[in-house]
Amino acid sequence: YKYILNWSYNSIIRNHSNYHAFKPKIHLKKKYKGLTFPGLNDYKPDGLYFFKERYVLPVENINEKETIKAADRYILRIKYEHEYKCTSTEAERITEDQFPETIGDFEILMEYENGHGRKYYTLFKRNSKDKTLTNKQYLYKPLSYRFLL
């Protein structure tokens with residue numbers, strides 16, 4: 001049989017600084033194309049950010065025009081959908097894992113600016129070996145996201 005299996009996650013984004021984060025954007029590499037970010041109540045932002053770098057797709061539910069205020073928290077909804085050709089028993093076994101094997105090590109890069117237009121980056125990563133989630137802040141875009149067309 002053919003099954004389309006879904007996983008849903010909620011990630012909390014916190015602004016731990018004393019300053020607002022302006023023009024938030026999310027970058028996602030094409031190899032993680034099964035990951036989507038459905039907007040709350042089908043919310044669609046006015047301005048979409050189209051990332052013109054190879055191997056990266058735009059994500060449509062962060063509104064560049066909205067500011068992430070100091071000490072605010074937001075929930076970023078993440079959904080993963082993948083089609084499998086398998087038996088019902090195999091489908092049940094696949095869905096037992098919190099993160100399916102096909103997701104592998106995924107990364108989500110968040111870009112934002114301070115009030116002076118200086119860009120900052122936070123890279124969220126999942127390590128499939130030890131099944132941990134980490135994040136790291138950068139002053140410059142990580143090399144794996146810098147390749148131009």
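For this chain, numbers begin at 1 and follow the sequence in order. What you are looking at is a predicted structure, and each value in this text was computed from that prediction instead of being measured. FYI, side chains are in, hydrogens and waters are out, and symmetry mates aren't considered; it's all heavy atoms of this structure.
Applying the ring-ring contact (aromatic ring centres under 6.0 Å, His included) rule to Tyr138 yields no partners; only residues at least two apart in sequence or on another chain are considered. Here Tyr19 pairs with nothing under the ring-ring contact (aromatic ring centres under 6.0 Å, His included) rule; sequence neighbours left out. Under the side chain to side chain donor-acceptor pair (under 3.5 Å) criterion, His20 pairs with no residue, sequence neighbours left out. In this structure Asp97 satisfies the side chain to side chain donor-acceptor pair (under 3.5 Å) test with no other residue, sequence neighbours excluded. Considering only residues two or more places apart in sequence or on other chains, Phe99 meets the ring-ring contact (aromatic ring centres under 6.0 Å, His included) condition with Tyr9. Not counting sequence neighbours, the partners of Asp130 by the side-chain contact (heavy atoms from CB on, under 4.5 Å) test are Asn127, Thr132. Qualifying side-chain contact (heavy atoms from CB on, under 4.5 Å) partners for Thr122, counting only residues two or more places apart in sequence or in other chains: Tyr112, Phe124, Asn135, Gln137. Listed by chain and number, the residues in a side chain to side chain donor-acceptor pair (under 3.5 Å) with Thr95 amount to none (sequence neighbours excluded). Here Ala71 pairs with nothing under the side-chain contact (heavy atoms from CB on, under 4.5 Å) rule; sequence neighbours left out. Partners of Lys125 by side-chain contact (heavy atoms from CB on, under 4.5 Å), not counting sequence neighbours, listed by chain and number: Glu107, Leu123, Thr134.
At a threshold of 4.5 Å between non-hydrogen side-chain atoms, the residues Met110 and Ile68 count as touching. Between Ile103 and Arg126 the shortest side-chain heavy-atom distance falls below 4.5 Å. Looking at heavy atoms from C-beta onward, Phe106 lies in side-chain contact with Leu35 at the 4.5 angstrom threshold.
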(request) Verify side chain to side chain contact (heavy atoms under 4.5 Å, CB included) between Cys86 and Tyr1, making sure each step is shown before the conclusion. (result) CA-CA 6 Å; Cys86 58; Tyr1 298 99; over 6 Å; no

(request) Show your reasoning for whether side chain to side chain contact (heavy atoms under 4.5 Å, CB included) applies to Ser8 and Tyr80. (result) CA-CA 6 Å; Ser8 295; Tyr80 178 73; over 6 Å; no

(message) Between Tyr84 and His82, is the side chain to side chain donor-acceptor pair (under 3.5 Å) condition met? List the steps.
(response) CA-CA 6 Å; Tyr84 293 89; His82 192 77; 4.7 Å; no

(request) Before giving the answer on salt bridge (charged side-chain N to carboxylate O under 4.0 Å, His left out), spell out for Glu113 and Arg118 the whole-Å C-alpha distance, their side-chain angles and the decisive distance to 0.1 Å. (result) CA-CA 5 Å; Glu113 295 180 12; Arg118 171 88 168 96; over 6 Å; no

(request) Applying side chain to side chain contact (heavy atoms under 4.5 Å, CB included), run through Ile26 and Leu109 and close with a yes or a no. (result) CA-CA 6 Å; Ile26 287 185; Leu109 180 68; over 6 Å; no

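Side-chain atoms of Glu90 come within 3.5 Å of backbone N or O of Thr87 as a donor-acceptor pair.
Closest approach of Asn114 to Tyr120, counting heavy atoms only: ND2-OH, 3.5 Å. Shortest non-hydrogen contact noted between Ser17 and Ala70 is O-CB, 3.5 Å.
We find the NZ-NZ distance between Lys2 and Lys85 to be 6.5 Å, quoted to the nearest 0.5 Å. Considering NZ of Lys119 and CZ of Phe22, their distance stands at 15.0 Å, rounded to 0.5 Å. Separating the NE2 atom in His27 from the OH atom in Tyr121 is a distance of 6.5 Å, to the nearest 0.5 Å.
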